[in-house]
Amino acid sequence: MSLTSIFGNEDKKLYDTIQTHAAGPAGTLPLTRDELIKAPSGDVFGMTLNAGMGWQASKLAGDDVMILSTLGGMRAEDGHPIAVGLHTGHFELGLQVKSAADKITALGGVPYAAYVTDPCDGRTQGTTGMFDSLPYRNDAATVFRRLIRSLPTRKAVIGVAACDKGLPAMVMALASMHDLPTVLVPGGATLMPTIGEDAGTVQTIGVRVANHELSYEDAIRLGCQACASAGGGCQFLGTAGTGQVVFEGMGLALPHSALAPSGQPIWEEIAKDSAVAATDMIHSGLTTKDIITDDAIENAMMIHAAFGGSTNLLLHIPAVAYAANLHVPTVHDWARINKEVPRLVSVLPNGPVYYPTVYAFLAGGVPEVMLHLRKLGLLHENVMTVTGQTLGENLDWWEKSDRRKLCRQRLEEIDGISPDEVIMSPDQAKVRA
């Protein structure tokens, strides 16, 4: 290695293209004389910066909306990786960020995007990297909060996240924005390979080869094809999937938004619809403290029980409640709810049938589970949600919606699976327990 090996092949024409001045953006800042004099200097300079980045000058005065995400890696327009991320769960999130940003722009707002990428617990298994996993959650939540405060003109915040620690970190940050409108966009689920294993099972290929339970040839093939799409949280109901359904159950995400198949049109549409919800919240005055309440936390805990979710949420839900200045659930609260709420969802890794989580989405997801819980009289239906309507009103819509009918039909069409086998009635769940 030498300076010659580093600099020796430079194209000398590089130096002929160097410029020190440019014309600058066209137009003028959309400020009255009074606004220019009285507004904080940072607000005015912020417009200058936005114009410098190419935002049309005449549209600089729209509502500023912050979009935060855990985006990682670098994805080309055609989908191939320029640089891989730490996991699939954050690799495609830029598509949802773009969909939300485009919708905000179409509604007359000014979208901002900022990122705090997240680690993968699967990647760091068996290494000292696991020591950073839970501390990362707290660090990232702090950085997300600092980023929100770093845009003093923000009128709303949209959080886009999918996986084990980035998702709870995002929700902790959103929950602490008591007087701001906030909306969560769940990052969805990875598709299953047509023939192969899920991302949880495939993590054991090494030990299975060592124990002569799996051939070397099968192991390296299965290990290559387990993630059948480039985005989304793992196909089983681990911390990533559980976090998505729980925080939707809390009312912070749109109905039927958790566990959508990553990269597909319905998944991108969720981000667009979330941008509409955030904009509507700005105009209606609805804020985070109206949505995340003690009753909303209990609803989330009921969804956790009904899905049979990851026990890691026993760490994350209390952290969100603390950020929201609410009652922090105790072990007695968890015990009470788990005694009252039946487990209704049949997915990986609990079964009784090991369906991938995207089946739960097509079977109706969180609102379908909530229909059963409502019949049992367990839910707090009067809580407000990011739709601007109560949970009860959302469920009334869901029960009669085309979305419910068509998704459930699609599961039967493409996989021959009855949605009622994936999301069971309480009576059916008792029989199959």
Side-chain angles (χ1 to χ4, degrees), residues 68 70 116 118-119 121 130-146 148 157 159 161-180 182-184 186-187 233 237-253 258 287-341 343 345 350 366 369-370 373 378-380 383-386 391:
L68 296 173
T70 54
V116 182
D118 54 348
D121 287 357
M130 281 298 286
F131 291 129
D132 295 308
S133 181
L134 188 56
Y136 160 86
R137 183 202 71 172
N138 297 339
D139 294 344
T142 297
V143 175
F144 280 133
R145 287 192 291 263
R146 293 189 188 283
I148 294 168
V157 184
C163 281
D164 290 18
K165 301 305 186 296
L167 178 56
M170 181 70 76
V171 178
M172 288 164 65
L174 297 182
S176 68
M177 297 295 119
H178 310 144
D179 297 317
L180 271 178
T182 63
V183 180
L184 176 70
L237 198 72
T239 309
T242 305
Q244 291 187 42
V245 298
V246 158
F247 298 132
E248 180 187 325
M250 197 177 289
L252 194 63
T287 69
T288 304
K289 69 174 181 291
D290 301 317
I291 293 163
I292 305 182
T293 62
D294 287 328
D295 284 348
I297 296 290
E298 284 215 348
N299 283 343
M301 294 167 70
M302 287 187 240
I303 287 297
H304 180 273
F307 271 82
S310 165
T311 55
N312 283 333
L313 270 294
L314 274 70
L315 296 175
H316 302 318
I317 290 177
V320 170
Y322 181 82
N325 288 341
L326 299 172
H327 166 72
V328 176
T330 67
V331 66
H332 301 292
D333 295 320
W334 286 105
R336 169 176 54 82
I337 286 173
N338 279 280
K339 286 177 181 177
E340 293 174 350
V341 179
R343 183 166 73 87
V345 181
N350 296 329
V366 173
V369 171
M370 283 185 154
L373 298 183
L378 294 172
L379 292 174
H380 301 290
V383 295
M384 185 58 64
T385 71
V386 293
L391 174 60

task = Taking ring pair (Phe, Tyr, Trp, His ring centres under 6.0 Å) as the test, write out the residues that go with H304, two or more places apart.
result = W334
query = With no hydrogens and no angle check, is any side-chain donor or acceptor of S176 less than 3.5 Å from a backbone partner on A173?
reply = yes
message = Once salt bridge (Lys or Arg N to Asp or Glu O under 4.0 Å) is applied, do any residues pair with R336, and if so which ones, sequence neighbours excluded?
response = E298, D333
task = For V157 and L174, run side-chain contact (heavy atoms from CB on, under 4.5 Å): C-alpha distance rounded to whole Å, both residues' side-chain angles, the deciding distance at 0.1 Å, then the answer.
result = CA-CA 8 Å; V157 184; L174 297 182; 3.7 Å; yes
Pairwise distance CD(E340) to CE(M302) - rounded to 0.5 angstrom = 7.0 Å
ask   = Which residues pass the side-chain contact (heavy atoms from CB on, under 4.5 Å) test with A169, sequence neighbours left out?
value = R137, A140, A141, F144
inquiry  = Is there a side-chain contact between L180 and I148 in this structure, where contact means two heavy atoms from C-beta onward sitting under 4.5 Å apart?
reply    = yes
inquiry  = Checking S310 now: which residues fulfil side chain to side chain donor-acceptor pair (under 3.5 Å) with it, not counting sequence neighbours?
reply    = T239
ask   = Under 3.5 Å, is there a donor-acceptor pair between the side chain of D118 and the main chain of K165?
value = no
request  = Specify the closest pair of heavy atoms between I337 and A305, including all atoms of both residues, with the distance to one decimal.
outcome  = CG2-CB, 4.5 Å
query = If you round to the nearest 0.5 Å, how far is CD1 of I291 from OG1 of T385?
reply = 6.5 Å
request  = Kindly give the heavy-atom pair with the smallest separation between L313 and P318, and that separation in Å.
outcome  = O-CD, 3.7 Å
query = Stepwise, does the side-chain contact (heavy atoms from CB on, under 4.5 Å) test hold for T242 with F307?
reply = CA-CA 8 Å; T242 305; F307 271 82; over 6 Å; no
message = For a 4.5 angstrom cut-off between non-hydrogen side-chain atoms, does V383 reach T293?
response = yes
ask   = Can you name the nearest heavy-atom pair linking A162 to G187, along with the distance?
value = CB-CA, 3.7 Å
task = Report yes or no: does Q244 contribute a side-chain atom to a donor-acceptor pair with the main-chain N or O of P186 at less than 3.5 Å?
result = no
ask   = So how far is it from L184 CG to L252 CG, rounded to the nearest 0.5 Å?
value = 5.5 Å
message = Given 3.5 Å as the limit, does a donor-acceptor pair link the side chain of H178 with the main chain of T287, or not?
response = no
task = Check for a donor-acceptor pair, side chain of T70 on one end and backbone N or O of A161 on the other, with a separation under 3.5 Å.
result = no
message = D290: which residues meet the salt bridge (Lys or Arg N to Asp or Glu O under 4.0 Å) condition with it, sequence neighbours left out?
response = none
query = What heavy-atom pair brings L68 and M170 nearest, and what distance separates the two atoms?
reply = O-CE, 3.4 Å
key: Exceeds 12 heavy-atom contacts within 6.0 angstrom, atom OH of Y136   = yes
query = Nearest heavy-atom pair of A319 and M172: which atoms, and what distance?
reply = CB-SD, 3.9 Å
message = The criterion is side-chain contact (heavy atoms from CB on, under 4.5 Å); which residues satisfy it with A324, sequence neighbours excluded?
response = A175, I292, L326
message = Please give me the minimum heavy-atom distance between V245 and I303, naming the atom from each residue.
response = O-CG2, 3.5 Å
N299 side-chain N/O to G249 backbone N/O, donor-acceptor pair under 3.5 Å = no
ask   = Side chain of D164, backbone of D121: donor and acceptor closer than 3.5 Å?
value = no
Worked verdict on M250 versus I297 for side-chain contact (heavy atoms from CB on, under 4.5 Å) = CA-CA 6 Å; M250 197 177 289; I297 296 290; 3.7 Å; yes
ask   = Going through the distances and angles, do H316 and L134 end up as a side-chain contact (heavy atoms from CB on, under 4.5 Å)?
value = CA-CA 10 Å; H316 302 318; L134 188 56; 4.2 Å; yes
